[in-house]
Structure formats: C-alpha cells, structure tokens
**Q** 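This structure is in structure tokens; I'll ask about it shortly.
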Amino acid sequence: MSRSLALVAGAALAAAVVHASGSEAPALKSLKPAGLRLGVALSQKQSDGEDKAALGLALRHFDQVSPENLLKWERVHPEPERYEFGPADRYVELGRSRGLFVVGHVLVWHQQTPAWVFAGEGGQPIDRATALARLKSHIDAVVGRYRGRIGGWDVVNEALEEDGTLRKTPWRTAIGDDYIARAFALAHAADPTAELYYNDYNLWKPAKRAGALRIVAQLKAQGLRVDGIGEQAHWGIDDPPLAAIDETLAAIRASGTRALITELDMDVLPRDPDMWGADLAKKQKIKAATNVYPQGLPDDVQQRLARRYADVFALFLKHDVGRVTFWGVTDADTWLDDFPIPGRVNHPLLWDRDGREKPAFAAVAEALRQGARR
Ligand code: XIL
C-alpha cells in the first residue's frame with residue numbers, strides 16, 4: 001500500500017472509530033427545543049461507570065436521566081429495616097454533577113416490590129393501617145434522602161387496567177382506591193420541590209387514557225400536586241397507530257397536565273397479540289417464530305425504524321411534550337431481548353449493540369432540528 005493510501009485508510013479508520021463512540025455526531029440535546037427534556041434510562045453498570053462507552057453516549061446526548069432499576073423498591077428497600085442506597089446515591093450524584101435533570105422511578109408499583117411489603121401478621125393479608133405506614137416510611141426515606149436532588153418522581157406506576165378501571169393491586173386491596181392520593185401527598189410532603197408524575201403504558205388506548213386523565217383530575221381536585229402524565233411508550237415499529245398517539249397527546253395537553261414520554265423504545269420484531277400473556281410453551285413457539293433478526297437489523301427495517309422514530313418525534317414536538325426518555329442507551333441494553341419473550345435479539349434504540357448510530361439516530365436528530373425551528 002502506498003504511503004498516501006495508507007494515510008487515507010488510517011484516517012478513515014480513525015473517523016469510523018470516533019464515529020462509533022458518538023463523538024462526531026451532533027449531540028441530540030444541542031438540537032432540541034429548549035422546553036423539551038431529552039433523556040435516557042441508565043443501567044447500574046452505566047451509572048457506576050463500568051459501561052463507559054454507553055455512559056459516554058448518554059452524557060453526550062441527553063440532559064436527563066432515569067434509573068432503569070436501581071430505585072425500585074426491591075433494590076432500595078429489600079427488607080423492612082434495611083435500605084440499600086449505594087447504587088442510587090451514585091446515580092443521583094452522577095446526574096447532579098453533570099447538571100442533568102435526575103428522575104426517580106418508582107415509588108408505588110405492584111412489580112419489583114418485595115413480598116414482605118404486602119405480607120400481614122401470621123400470613124394474613126396486610127391491613128390498611130400497616131400498608132399506609134409502610135408506604136409512608138418508604139416514601140419518607142427514599143424521597144427525603146434525595147430531596148432537592150431528584151427533580152421528578154414517578155409516584156404511581158401502572159395503576160390502570162386496559163379498560164381504564166383501577167387495577168387490583170395489593171396496594172389497592174390493602175388501602176383502598178385512595179392509595180394513589182396518599183402516595184402523591186406523601187411524596188409531596190417528603191420533597192415539596194420535586195415534580196410528581198403518574199406513569200402508565202398503553203395510554204394511547206382511549207379507555208386507558210381516560211382512566212389516567214380521571215386519576216389526575218381527581219388528584220388535582222384534592223389539591224394535590226401532579227406535574228406530568230407519563231406514557232411509557234414501549235411501542236412497536238408499526239403499532240400503535242400514529243393517529244392514536246396524536247389523539248392521546250392532544251387530550252393530555254388539553255387537560256392542562258404535561259404529557260411525558262418516559263420509557264421510549266420500538267420493538268422491531270413481529271408482535272404476536274398473545275405474547276404478553278402466553279405460558280412458557282407458547283412463549284417458546286412465539287420465540288421461534290419472531291426472533292427474526294438475530295444477526296442484526298436489515299437495511300430496509302433500519303429505514304422503517306428511522307421513519308417510525310421521525311413520525312413519533314414529530315408528534316412529540318407538535319404537542320409540546322415535556323420530556324422524551326429512551327429506555328436504554330444502545331441495543332445491547334434493551335430489556336426487550338427478554339420481555340415479554342425471553343432470549344430474543346431486539347433492536348429498538350438509536351445505537352446498535354456496538355454503539356454505532358443507526359439510521360434512527362439521524363432521523364431523531366433531524367426531527368429535533370425541525371422541532372426547534374418551529
Ligand atoms: C424494566 C427494566 O427495564 C428491566 O430491566 C426489569 O427487569 C423489569 O423492568 N415499565 C416500567 C419499567 O415502568 O420499570 C420497566 O423496566 C419496563 C416496564
């Protein structure tokens with residue numbers, strides 16, 4: 001190889017390497033409208049600084065962070081008298097030291113909550129007074145510890161059935177329908193400066209959206225603080241329909257509460273309507289039929305994913321959502337590899353498994369530019 005050719009090849013390689021680390025691409029947060037927070041969920045490996053490549057991308061592109069798991073009840077309060085704040089402390093400190101808006105997720109949920117929380121004396125169901133006392137000590141301890149440092153909390157997560165009625169969770173059974181209001185009141189008392197959110201999935205469905213709007217209207221009628229309604233947005237590459245998303249964002253905005261997109265990812269694998277409720281045998285079958293991109297995402301699907309991201313970002317900007325948070329940095333992080341079907345290879349985010357930008361990255365960058373110009 002001639003010297004000049006070798007130089008060119010070397011420079012191209014260096015450029016590719018720089019590009020793979022994300023440092024050549026424009027920072028997404030530099031493109032967005034000022035009123036929009038743009039964030040990402042960090043795994044503990046990332047907030048602990050062990051996964052430096054992904055953390056580098058997160059710090060470069062986003063101005064908000066969410067904790068994927070480390071502030072959930074089972075992590076932070078595994079036993080009645082034992083709190084484990086180490087990973088959460090490091091997460092909050094990382095966010096604060098970098099000037100990021102730090103979100104807390106989540107105070108009240110029926111998942112990832114230890115069994116002891118819902119256990120009463122001698123195997124009896126827990127009574128209302130005990131449940132309220134446990135709720136209060138947890139919220140006081142966790143929200144109080146990060147008072148003034150965690151900027152906003154998902155107070156209650158997934159309280160609704162798909163038809164918009166209240167879900168029968170152990171919290172509701174023990175306390176009654178007012179467990180939601182109690183949680184918001186306790187969170188506000190523990191940190192009056194923190195924003196407080198109601199968070200759920202499938203709010204693009206009219207009945208469920210109506211349920212969320214009803215919950216928040218009732219909270220506000222009681223004088224409680226609510227700053228946002230979070231749609232998780234664990235969506236597919238083809239569904240939900242854009243019109244449904246459009247209507248939901250319009251309805252939330254019209255209600256006077258800010259809409260937030262709190263856990264965005266796009267499942268690119270074929271979606272079987274039964275996959276969420278299937279038993280193990282059925283899940284194996286669905287896995288065999290739907291794990292169609294184990295070696296990487298083909299170009300045509302990359303382009304479809306990019307268009308899908310462009311389309312939903314256009315709606316986010318049209319309706320002035322307060323925040324968009326991706327649920328993971330790169331495809332190597334995605335929970336969708338194991339949910340709802342374990343052991344597949346999904347490709348839902350803006351960077352591939354090696355940290356390279358996908359066409360979806362450029363699509364989001366362009367949508368943000370256009371949104372900022374409007
Ligand atoms: C998921 C995490 O991404 C996984 O790592 C974990 O195993 C299960 O929880 N709705 C939520 C999030 O509010 O907390 C969930 O996160 C995804 C669904």
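Each ligand, and each atom within it, is numbered from 1 in the order the structure gives. These numbers come from a predicted model, not from an experiment.
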**Q** Less than 4.0 Å between a side-chain N and a carboxylate O, is that true for Arg90 and Glu93?
**A**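 Judged by the 4.0 Å cut-off on N to carboxylate O distance, Glu93 and Arg90 do not form a salt bridge.
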
**Q** Enter the distance from Glu84:CD to Glu79:CD here, rounded to the nearest 0.5 Å.
**A**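 Between atom CD of Glu84 and atom CD of Glu79 there are 8.5 Å.
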
**Q** Please determine whether a side-chain nitrogen of the Lys or Arg among Arg128 and Asp178 lies less than 4.0 Å from a carboxylate oxygen of the Asp or Glu.
**A**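 So Arg128 pairs with Asp178 through a salt bridge.
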
**Q** According to the interplanar angle, ranging from 0 to 90°, do the rings of Phe62 and Trp351 count as parallel (below 30°), tilted (30 to 60°) or perpendicular (above 60°)?
**A**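 Perpendicular: the ring planes of Phe62 and Trp351 meet at over 60°.
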
**Q** Which atom names give the shortest non-hydrogen contact between Arg271 and Asp239, and what distance separates them?
**A**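 Heavy atoms only, the tightest pair is NH1-OD2, 3.2 Å.
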
**Q** Taking any residue with a non-hydrogen atom under 4.0 angstrom from an atom of ligand 1, which ones do you get?
**A**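 Residues within 4.0 Å of ligand 1: Glu68, Asn69, Lys72, His105, Trp109, Gln112, Asn157, Glu158, Gln232, His234, Glu263, Trp327, Trp335.
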
**Q** Quickly, which of Trp204, Trp276, Phe326, Trp335 forms a ring-ring contact (aromatic ring centres under 6.0 Å, His included) with His234? Name it, please.
**A**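 Among Trp204, Trp276, Phe326, Trp335, the one meeting ring-ring contact (aromatic ring centres under 6.0 Å, His included) with His234 is Trp335.
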
